[in-house]
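For the single chain, residues carry numbers from 1 onward in sequence order. As the structure lists them, so they are numbered: ligands from 1, and atoms in each ligand from 1.
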Amino acid sequence: MNDPALETIVSLCKRRGFVFQASEIYGGFAGFYDYGPLGVELVNNIKQEWWKAMVREHDNVFGVDGAIIQHPKLWEASGHVAGFTDPMVEDVVTHKRYRADHLANTDSTDLAELKELLKDVTSPDGNALSEPRFFNMMMQTWVGAVQDSSAVSYLRPETAGSIFTNYENVRETMRAKLPFGVAQIGKAFRNEISPRDFIFRVRELEQMEMQYFIRPETQAEVYEDWRTFAWNFLIERLGISKDNLQWHEHDEKERAHYAAAAHDIYFKYPQGFKELWGTHNRTDYDLGAHQKASGKDLQYFDDQTRERFTPYVIESSVGVGRMLMAVLVDAYNEEEINGETRVVLKLKPSIAPYRVAVSPLLKNKPELVAKAREVYSTLKKEFGNVMWDDNGNIGKRYRRQDEIGTPYCVVIDFDSLEGDTKDTVTVRNRDTTEQARVTIDELISHLS
Ligand code: ATP
């Protein structure tokens with residue numbers, strides 16, 4: 001079975017230690033999640049893959065890691081304090097708040113249009129709804145000893161802010177010439193009105209963003225290049241099936257306040273095709289706004305053409321949690337094998353939480369355990385993420401490893417200890433379930 005239900009993914013994540021509800025022992029906290037031991041490995045592998053493809057494989061893309069709390073003026077200049085809003089309606093009885101565009105089933109955020117669409121709609125509890133109005137999603141805090149309005153600051157709603165404020169620092173320190181990009185992976189916070197669909201819409205999220213600074217006349221071409229990059233990354237680097245992906249172009253009503261063009265890649269989540277990764281043409285909006293608000297010159301001087309101008313920005317922006325969820329949904333399979341159903345995560349080996357699991361056939365036979373430990377340390381030195389698994393019988397171990405997506409299981413049995421088969425092990429392939437006998441000397445190249 002492909003196309004798993006949302007509950008199937010949520011339950012796998014909990015059962016196998018990928019994702020837990022935050023503060024679960026206190027009943028959870030809506031919109032917040034914690035990664036468990038398997039989740040943190042998978043997420044780190046995904047982030048590393050993105051960093052490799054985005055930063056290490058481009059000579060002209062540089063990384064930064066900015067502070068979560070920046071000067072409040074940054075978010076005034078960027079337009080977030082005034083305009084980072086979603087349309088909201090309230091149930092007049094329960095006072096629960098809902099996204100008006102979601103209840104109206106539209107991409108539009110136009111209040112008059114939403115009012116019209118919602119005129120005969122009740123809340124999910126069957127009560128009347130208030131008129132739609134805008135709600136700001138910035139999370140506020142106070143910095144310093146006095147908690148008054150002069151101390152109000154914001155947790156960043158996107159990582160892009162500190163990329164723009166560091167544009168000149170990076171350009172200068174890296175001697176960068178246009179075009180060049182600045183990339184960042186980090187947490188962002190949005191006070192979403194109705195967090196939902198597991199880790200799809202949360203209030204504390206992590207983003208992987210890259211802002212590419214360009215000459216204005218190259219915008220169309222560069223925009224296409226970064227759209228292609230995102231599409232290929234999902235397929236080639238994460239192994240996501242292209243049948244689960246589609247393009248969605250924003251119309252004028254849907255586009256963010258800064259964007260001249262926006263294309264999202266939608267993934268087929270259990271709740272339908274939804275936004276995973278955005279490519280946006282932010283024009284010179286951000287550098288222009290920060291230049292105006294800070295009084296600092298953020299123009300680029302081209303020493304060949306002797307021109308001075310504000311660079312345009314093409315942005316590539318994707319949520320880590322949405323990517324994790326897409327990877328899990330895409331990899332999830334239920335298969336019939338010899339009359340039994342097995343759950344298998346067909347993850348690309350390069351991102352699987354564990355590359356290989358090593359087991360002694362029986363855990364109470366010291367000679368098997370000793371040999372297995374030797375193999376385990378050799379593989380761990382080579383691959384790093386190797387699991388020792390001696391719990392339960394071998395069938396159970398295979399089922400557990402299938403469920404967490406471990407591509408290979410290596411088993412040390414009695415044949416590994418003597419006779420013609422001495423110093424060989426069995427290697428079971430997750431996807432085919434076939435087993436091969438391999439010498440310990442050849443094991444690393446076999447698994448590689
Ligand atoms: P949506 O329309 O779903 O609210 P958005 O268009 O506001 O998303 P962007 O501001 O473009 O999203 O953010 C870039 C990326 O960050 C999104 O493509 C998505 O992957 C991720 N993201 C945004 N909001 C959330 C959230 N509340 N929870 C998880 N990921 C998010």
Note: Val202, heavy atoms under 4.0 Å from ligand 1, region reported as both
Thinking salt bridges, do Glu403 and Arg400 make one under a 4.0 Å N-O criterion? no
For Tyr26, look at atom OH and say whether over 12 heavy atoms of other residues, nucleotides or ligands are found less than 6.0 Å away. no
Sequence neighbours excluded, which residues qualify as ring-ring contact (aromatic ring centres under 6.0 Å, His included) partners of His248? His250, Tyr266
Using a 4.0 Å heavy-atom cut-off, say whether Arg201 meets ligand 1 through its side chain, its backbone, both or neither. both
Is the number of heavy atoms from other residues, nucleotides or ligands within 6.0 Å of CG (Asp125) greater than 12? yes
Starting from atom 30 (N) of ligand 1, what is the nearest protein heavy atom, named by residue and atom, and what distance separates them? Arg322 NE, 3.4 Å
Answer yes when Asp3 and Lys268 have at least one side-chain N-carboxylate O distance shorter than 4.0 Å, and no when they do not. yes
Under 4.0 angstrom from ligand 1, any heavy atom of Glu158? no
Given Gly319, Gly278, Ala188, identify the one with the heavy atom nearest to atom 21 (C) of ligand 1. Gly319
Identify the closest protein heavy atom to atom 23 (C) of ligand 1: which residue and atom is it, and at what distance? Arg190 NH1, 3.3 Å
Any idea which part of Met323 is under 4.0 Å from ligand 1, heavy-atom wise: side chain, backbone, both or neither? neither
Would you please test Trp277 and Phe233 for ring-ring contact (aromatic ring centres under 6.0 Å, His included) and show each step? CA-CA 11 Å; Trp277 191 332; Phe233 180 90; 5.7 Å; yes
Closest non-hydrogen protein atom to atom 13 (O) of ligand 1, residue and atom name please, with distance? Gln207 NE2, 3.5 Å
Within ligand 1, which atoms have a heavy atom of Leu276 less than 4.0 Å away? 18 (O), 19 (C), 20 (O)
Nearest protein heavy atom with distance in Å, relative to atom 11 (O) of ligand 1: His280 CE1, 3.5 Å
Considering only the protein, which heavy-atom contact is closest to atom 22 (N) of ligand 1, and what is its distance? Leu205 CD1, 3.8 Å
Run Asp86 and Arg190 through salt bridge (Lys or Arg N to Asp or Glu O under 4.0 Å) and show every step you take. CA-CA 11 Å; Asp86 270 338; Arg190 298 180 177 192; over 6 Å; no
Tell me whether Glu192 has any N or O atom under 3.5 angstrom from an N or O of ligand 1. yes
Specify whether Phe180 and Tyr167 have parallel, tilted or perpendicular ring planes, treating 30° as the upper limit for parallel and 60° as the lower limit for perpendicular. parallel
Tell me: protein heavy atom nearest atom 2 (O) of ligand 1, and distance? Glu275 OE1, 3.5 Å
What pairs with His71 under ring-ring contact (aromatic ring centres under 6.0 Å, His included), at least two apart in sequence or on another chain? none
Of all the non-hydrogen atoms in the protein, which one sits nearest to atom 29 (C) of ligand 1, and at what distance? Phe200 O, 3.0 Å
Ranked by distance from atom 14 (C) of ligand 1, the top protein heavy atom is Ser317 OG, 2.9 Å
One should read off an interatomic distance between Tyr312 OH and Leu178 CG, to the nearest 0.5 angstrom, of 13.5 Å
